[in-house]
There are 2 protein chains.
Amino acid sequence: MQLSAPRRGRPGYDRDEVLRVAVQLFNEQGYDATSVADLAQRLGLTKSALYHHFDSKEQLLQIALETALSELEAALRDAVARDEPASTQLTEVIRGAVRVLTSEQPSVTLLLRLRGNSPVELAALERRRRFDQRVTALVRAAQDEGLIRADVDAGVATRLIFGMINSLVEWYRPDGKVDPALLADDVLAMALEGLRPR
Amino acid sequence: MQLSAPRRGRPGYDRDEVLRVAVQLFNEQGYDATSVADLAQRLGLTKSALYHHFDSKEQLLQIALETALSELEAALRDAVARDEPASTQLTEVIRGAVRVLTSEQPSVTLLLRLRGNSPVELAALERRRRFDQRVTALVRAAQDEGLIRADVDAGVATRLIFGMINSLVEWYRPDGKVDPALLADDVLAMALEGLRPR
DNA sequence: GTCTATAGAATGATAGAC
DNA sequence: GTCTATCATTCTATAGAC
């Protein structure tokens with residue numbers, strides 16, 4: 001079974017490679033601050049060559065956001081699929097979110113910086129909001145089970161936990177020095193046990 | 001003592017009011033996605049009238065960033081001024097940072113979203129980096145004193161703590177329902193004791 | 001010849017500055 | 001309002017691998 005069709009035509013970038021470089025540049029400079037000319041220059045192409053691969057600048061954004069959101073939603077689905085206590089599901093969601101943020105860091109970074117300036121961005125923000133709501137419900141259930149203190153608001157607790165997790169896109173570097181699974185352990189330890197020695 | 005000079009000439013915005021609206025709009029849409037025409041429309045002015053108050057769009061950004069950075073640096077200075085253990089200084093820095101993020105939320109929000117696309121942005125990012133380094137040194141000293149577990153990297157711990165704190169700009173709303181000082185208690189409790197009941 | 005990646009030139013719209 | 005620069009985008013055509 002062949003994994004990729006044999007290359008026809010002159011050699012050059014394919015769609016995936018263009019997308020990868022585009023998302024990286026969007027994250028370096030910001031989506032709005034990055035012009036199609038910037039991207040063409042980074043790739044060593046002309047703008048018109050880029051438009052052969054994609055319909056619009058926004059389409060590049062849309063595809064990247066779809067990747068980020070579908071991976072996060074899959075992690076949530078996997079965590080709640082098995083018949084386990086909400087506390088276990090919550091810890092699995094946290095591990096899954098850390099895994100997605102490290103493995104799909106570029107596209108998730110784009111997602112976390114959206115301002116809602118277009119229908120595409122608004123739709124992505126709405127999907128992200130629904131994800132947050134489902135996690136908040138898990139935190140609430142985990143409070144009922146006693147894993148999480150009941151004297152903190154579930155919404156505040158969720159936001160603080162994901163404040164830690166989401167900050168990963170700002171400083172995590174996939175250079176192999178930090179195992180993402182161990183990083184998830186650190187996040188869970190800090191969220192549940194705190195940083196003070198016991 | 002009069003707090004504001006009597007208004008002369010036609011009524012209108014003064015420099016501070018223009019700045020306030022500008023920073024708010026920058027945060028709604030993103031700095032790069034906001035045009036001077038957008039800002040003029042929001043204020044009900046022409047672009048020319050705006051340029052009477054300011055030299056450039058970037059000057060508005062620069063002033064806001066100066067506010068955010070000087071307040072954060074002042075909070076750090078206050079925390080380390082008194083002759084107390086590093087552990088105490090660290091908790092005071094955290095309280096101060098939460099106070100600044102809530103009281104100066106608009107300008108700090110701008111600071112946290114910078115990408116370094118101009119010399120002004122690069123200089124601000126460099127000042128922010130120095131702030132982070134000084135806090136990391138405090139965390140390291142607090143580890144030596146036993147407030148913070150020694151088995152987590154000081155840099156990782158600092159980043160996770162400020163991941164929580166910085167997330168405030170995304171969801172805190174100064175509507176009076178949440179006292180910032182109590183919010184700082186929540187952040188400190190989660191960072192030090194964790195969310196699991198003891 | 002056919003398919004794909006690429007270029008050059010030009011479009012209309014909008015940017016920041018004054 | 002006006003200016004010049006730059007924006008995203010499109011049209012038409014070519015270069016190179018099959």
Side-chain angles (χ1 to χ4, degrees), chain A residues 2-65 110 113-122 124, chain B residues 9-10 12-13 15 18-19 21-65 110 113-122 124:
Chain A
Q2 90 190 7
L3 290 176
S4 62
R7 258 319 171 65
R8 298 283 304 274
R10 55 194 326 202
Y13 293 100
D14 62 9
R15 195 182 165 90
D16 281 351
E17 182 69 1
V18 169
L19 180 63
R20 198 187 59 77
V21 175
V23 171
Q24 182 184 329
L25 194 59
F26 289 162
N27 284 329
E28 286 177 20
Q29 305 183 342
Y31 173 75
D32 292 298
T34 302
S35 68
V36 177
D38 289 339
L39 178 56
Q41 186 176 36
R42 171 68 64 97
L43 289 162
L45 294 178
T46 59
K47 289 192 285 178
S48 44
L50 271 185
Y51 276 94
H52 168 73
H53 294 285
F54 288 97
D55 295 338
S56 68
K57 177 184 169 184
E58 192 170 39
Q59 190 188 38
L60 292 163
L61 177 67
Q62 186 165 23
I63 294 174
L65 295 177
L110 268 184
R113 292 180 181 159
L114 289 187
R115 302 310 310 153
N117 288 330
S118 69
V120 165
E121 296 190 15
L122 286 170
Chain B
R10 53 193 323 199
Y13 296 97
R15 196 181 163 91
V18 169
L19 180 63
V21 176
V23 172
Q24 181 183 328
L25 195 59
F26 289 162
N27 285 328
E28 287 177 20
Q29 306 181 342
Y31 173 75
D32 292 298
T34 302
S35 68
V36 177
D38 288 340
L39 178 56
Q41 185 177 39
R42 171 68 64 98
L43 288 162
L45 296 177
T46 61
K47 289 194 283 178
S48 320
L50 265 187
Y51 277 94
H52 168 71
H53 294 288
F54 288 97
D55 296 338
S56 68
K57 177 185 169 185
E58 191 169 42
Q59 190 188 38
L60 292 163
L61 177 66
Q62 185 165 24
I63 295 173
L65 294 178
L110 268 184
R113 292 181 182 157
L114 289 187
R115 303 309 311 154
N117 288 330
S118 69
V120 166
E121 296 190 16
L122 285 170

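Excluded from the calculations below are hydrogen atoms, water molecules and symmetry mates; all remaining heavy atoms, backbone and side chain alike, are included. Throughout, protein chains are lettered first and strands after them, A, B, ... in sequence-line order, and every chain is numbered starting at 1.
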Rounded to whole Å, please give me the gap between CD in B/Q41 and P in C/dT14. 12 Å
So, taking the atom named CD in B/E121 and the one named CG in B/L65, what distance separates them when rounded to the nearest 0.5 Å? 7.5 Å
Starting at atom NZ of A/K47, determine the distance to atom P of C/dA7, rounded to an integer number of angstrom. 13 Å
note: A/D38, atom CG; D/dT6, atom P; distance rounded to Å ~ 11 Å
Please tell me if the side chains of B/V23 and B/L60 come closer than 4.5 Å, counting only heavy atoms from C-beta onward. no
Is there a donor-acceptor contact under 3.5 Å from the side chain of A/R113 to the main chain of A/Y31? no
Any side-chain heavy-atom pair of B/D32 and A/Q29 under 4.5 Å: no
To the nearest Å, give me how far apart CG (B/D55) and P (C/dC18) are. 8 Å
Between C/dG16 atom C1' and B/L45 atom CG, what is the distance in whole Å? 17 Å
Just to be sure I understand the rule, does B/T46 reach a base, reach only the sugar-phosphate, or reach nothing, if contact means heavy atoms closer than 4.0 Å? nothing
In whole angstrom, give the distance that lies between atom NZ of B/K57 and atom P of C/dA15. 9 Å
Classify the side chain of B/S35 and the base of C/dA15 as holding, or not holding, a donor-acceptor pair under 3.5 Å. no
Please give, in whole Å, the distance from D/dC7 P to A/L39 CG? 12 Å
Counting heavy atoms from C-beta on, name the nucleotide in C/dG16, D/dT10, C/dA5 closest to the side chain of A/Y51. D/dT10
Tell me whether the side-chain N or O atoms of B/S48 pair up with the base of D/dG1 as donor and acceptor below 3.5 Å, since no angle test is needed here. yes
Rounded interatomic separation in angstrom, taking NE2 from B/H52 and P from C/dA17: 17 Å
